[in-house]
Colleague: 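This is the structure, below, for whatever I ask next.
We name chains A, B, ... by the order of the sequence lines, and we start the count at 1 in each one.
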2 protein chains.
Amino acid sequence: MTGTGTEEKSNLADIAYVQLKRDITEGVFRPGDKLLMSALRERYDIGAGPMREALSRLVAERLVTAASQRGFRVATMSIDELRDIYFARAQLEALITELAVQKGGDSWEAGIIAAAHTLSRVTEIHAPEEMLTLWDSRHKAFHLAIASGCGSPKLLELRETMLDQAERYRQLWLREMVFSSEALERKREEHRVLVDKLLSGKSTEARQEMFEHMMNPIPIITEILCQRGIR
Amino acid sequence: MTGTGTEEKSNLADIAYVQLKRDITEGVFRPGDKLLMSALRERYDIGAGPMREALSRLVAERLVTAASQRGFRVATMSIDELRDIYFARAQLEALITELAVQKGGDSWEAGIIAAAHTLSRVTEIHAPEEMLTLWDSRHKAFHLAIASGCGSPKLLELRETMLDQAERYRQLWLREMVFSSEALERKREEHRVLVDKLLSGKSTEARQEMFEHMMNPIPIITEILCQRGIR
DNA sequence: TTTTATAAAAATGTAGATATTTTTATAAAA
DNA sequence: TTTTATAAAAATATCTACATTTTTATAAAA
C-alpha cells in the first residue's frame with residue numbers, strides 16, 4: 001500500500017453523497033428543486049440503490065426532504081429558517097466558546113493565534129475565486145481552532161451539523177464579504193476583539209462576543225434573500 | 001379517505017428504520033454486534049436496497065457504524081461516550097432552559113405544571129413494565145414541555161438528536177430508577193425544585209438547576225456499565 | 001509460526017419488474 | 001365557454017432478484 005494510512009475506501013453511495021451535498025450547497029440544485037432519480041443517476045453515473053442511500057443521508061442532515069413515493073427535493077430556504085439556524089448556531093458556538101475559554105490550555109491559545117495569523121494573511125494578492133475559497137477555509141479553521149478547546153466531541157459534532165445546515169446561507173454572505181474591503185476590514189477587527197477576549201480568560205464576555213459575531217451576518221443575508229424573492 | 005389527515009405513507013426503508021432503531025435501543029442488537037445483511041433482510045422481510053437505506057440513516061444518527069465493504073455494526077458504548085453525551089446534552093438542555101425561562105409565557109408555564117402533575121400521578125398502581133413505559137413517556141413529556149418554550153425549532157432538533165443518542169444509556173438508568181421508591185421520590189423532589197426555579201423567572205438559576213439534574217444519572221449508569229464489563 | 005492459495009461468505013451494485021403518482025386527454029356538467 | 005370529473009397514458013419511485021466485487025475463513029506450503 002502507498003499513501004498515508006488513512007486510505008478510506010468508499011462505495012458509490014459515499015461518492016454520490018459527497019458530490020450531491022456539494023452540488024446542493026453550491027447551488028447547482030436550487031432550494032425546492034425536484035431531485036429526479038433519472039437525472040441524478042445520469043449525473044453521478046450510478047444505480048438507483050446507492051443514489052437513494054446518498055439521498056437518505058442528506059435527508060437525515062436536513063439538506064434534502066423526502067416524501068414517500070414522491071421522491072426527493074432540495075430543502076427550501078427561508079428567512080425564518082435563516083434566523084433560526086443562525087440563532088441556534090450562535091447560541092451553540094457561544095456555549096462552546098465559553099467552555100473552551102474555561103478549559104484554556106497553552107496549545108489551544110497557540111492554535112488560535114496561529115490560525116488568526118494565517119487568516120490575516122489572505123489578501124488581494126490572489127485571484128478573486130481563489131481568494132474566496134482561501135479566506136473561507138482559513139476562516140473556518142480559525143473558528144474551529146477556538147471551538148476545539150471545549151473538550152467535548154459531541155458538542156463539536158453538533159456544531160458541525162449546524163455548520164452544514166448554515167452552509168447555503170453562509171455562501172451568500174461570503175461573496176458579499178470577501179469582495180468588499182471594508183467588510184473584510186470590519187471582520188478583521190471583530191476577530192481581533194474576539195481573540196483578545198478569548199485570551200483574557202473572561203469566559204462570559206468571550207461567550208457574549210462570540211454570540212454577537214455569529215449573529216452579525218443575518219441582516220446581510222436577509223437582504224440577499226429578499227432580492228432573490230425568497231421570504 | 002378515512003383517518004385523521006396525518007396519514008403518512010411509508011416505504012419499506014422507513015419501516016425497517018423505525019424497527020431497527022427500536023431493536024437497537026432496546027438491546028435486541030447489542031453494542032458492537034455485526035449487523036449481517038442476510039439476518040436483517042430475514043428479520044424485517046425486506047430487500048438489501050431498502051435495508052441499506054435504513055442503515056445509512058442510522059449511521060447518520062450515530063447509532064450504527066459503517067465500514068465500506070465490511071458492512072454495518074451497532075455503535076459501541078463506553079463510559080467515555082456516556083460522559084460526553086450526557087455532558088453535551090446537559091449543556092444543551094440547560095441552554096434551552098435558560099432561553100425558555102427568559103421567553104416565558106403563560107401557556108408555557110401551564111404546560112409545565114400540567115406535565116408535572118401528570119408525571120406525579122404515575123405510581124405503583126401499575127404493573128411494573130407498564131409503569132416503566134408510562135413514567136418514561138410522561139417524564140419525557142415533562143422535559144419537552146420545558147424545552148419547547150425556547151422558541152427555536154433548530155435547538156429542539158439538536159436536543160432530539162442528543163436524546164436519541166443518549167437513549168441506550170438512559171434505558172439502563174430508567175430501570176434502576178423506576179423500580180426504586182427512594183430514587184423515584186428523589187427525582188420527584190428534583191422536579192419540584194426545578195419547576196420552582198422555572199416559574200420564578202430566574203433564568204440563570206434555572207439553567208444551573210437543569211444542568212445538574214441532567215448530570216445526576218451519570219454515576220448510576222457508570223456503575224451499571226462497569227458491572228457489564230463495558231469500559 | 002508465517003505466508004500464500006483457495007473456497008466460502010458477505011457486501012455492493014445493476015437491471016428490470018412492479019406499484020404509485022402525475023399528467024394528459026376526453027367527456028360531462030355548469 | 002369554462003369548469004369539473006373520469007379514464008387512459010406516461011413518468012416516476014420503489015423494490016427484488018441476480019451478478020459482481022471484496023472480505024474473511026480455511027487449509028496447504030514455506
Colleague: State whether the number of non-hydrogen atoms from other residues, nucleotides or ligands found under 6.0 Å of B/E42 atom CD is greater than 12.
Modeller: no
Colleague: Taking pairing as Watson-Crick or G-U wobble with both contacts under 3.5 Å, can you name the mate of C/dA15, or confirm there isn't one?
Modeller: D/dT16
Colleague: In whole Å, I'd like the distance from the OH atom of A/Y44 to the C1' atom of C/dT12.
Modeller: 21 Å
Colleague: If I take atom CE in residue B/M51 and atom P in nucleotide C/dT12, what distance separates them, rounded to the nearest angstrom?
Modeller: 13 Å
Colleague: B/L12 side chain: which of C/dT21, C/dA10, D/dC15 is closest?
Modeller: D/dC15
Colleague: So if I take every side-chain heavy atom of B/S68 and compare against C/dT12, D/dC15, D/dT24, which nucleotide ends up nearest?
Modeller: C/dT12
Colleague: Could you tell me the separation between the CG atom of A/D84 and the CG atom of B/L155, rounded to the nearest 0.5 Å?
Modeller: 7.0 Å
Colleague: Okay, side chain of A/W135, backbone of A/L119: is any donor-acceptor separation there less than 3.5 Å?
Modeller: no
Colleague: Using Watson-Crick or G-U wobble geometry with both distances under 3.5 Å, which nucleotide pairs with C/dT1?
Modeller: D/dA30
Colleague: Atom CD1 of B/I79 and atom OH of B/Y169: how far apart are they, to the nearest 0.5 Å?
Modeller: 9.0 Å
Colleague: Searching all strands shown, indicate the nucleotide that pairs with D/dA8 (Watson-Crick or G-U wobble; both distances under 3.5 Å).
Modeller: C/dT23
Colleague: Could you say whether A/I46 or B/K34 is positioned toward the 5' end of DNA chain C, judged by the nucleotide with the nearest heavy atom to each?
Modeller: B/K34
Colleague: Could you tell me the separation between the CG atom of A/N11 and the C1' atom of D/dT20, rounded to a whole number of Å?
Modeller: 15 Å
Colleague: Out of D/dT14, C/dA11, D/dT22, which has the shortest distance to the side chain of A/M37?
Modeller: D/dT14
Colleague: What is the distance, to the nearest angstrom, from the CZ atom on B/R41 to the C1' atom on C/dA9?
Modeller: 14 Å
Colleague: Counting side-chain heavy atoms from C-beta on, which of D/dA13, C/dT12, C/dG13 comes nearest to B/F72?
Modeller: C/dT12
Colleague: Taking atom P of C/dA11 as reference, at what distance in whole Å does atom CD of A/E53 sit?
Modeller: 13 Å
Colleague: Would one find more than 12 heavy atoms of other residues, nucleotides or ligands at under 6.0 Å from atom CZ of B/R30?
Modeller: no
Colleague: What integer distance in Å separates A/R52:CZ from D/dA13:P?
Modeller: 9 Å
Colleague: Whole-Å distance between C/dA10 P and B/L55 CG?
Modeller: 16 Å
Colleague: Grab the CD-P distance between A/Q69 and C/dT18 for me, whole Å please.
Modeller: 17 Å
Colleague: Closest to the B/A48 side chain: C/dT12, D/dA13, C/dT14?
Modeller: C/dT12
Colleague: Could you pick out which residue, A/R70 or A/G49, lies toward the 5' side of DNA chain C when each is mapped onto its nearest nucleotide?
Modeller: A/G49
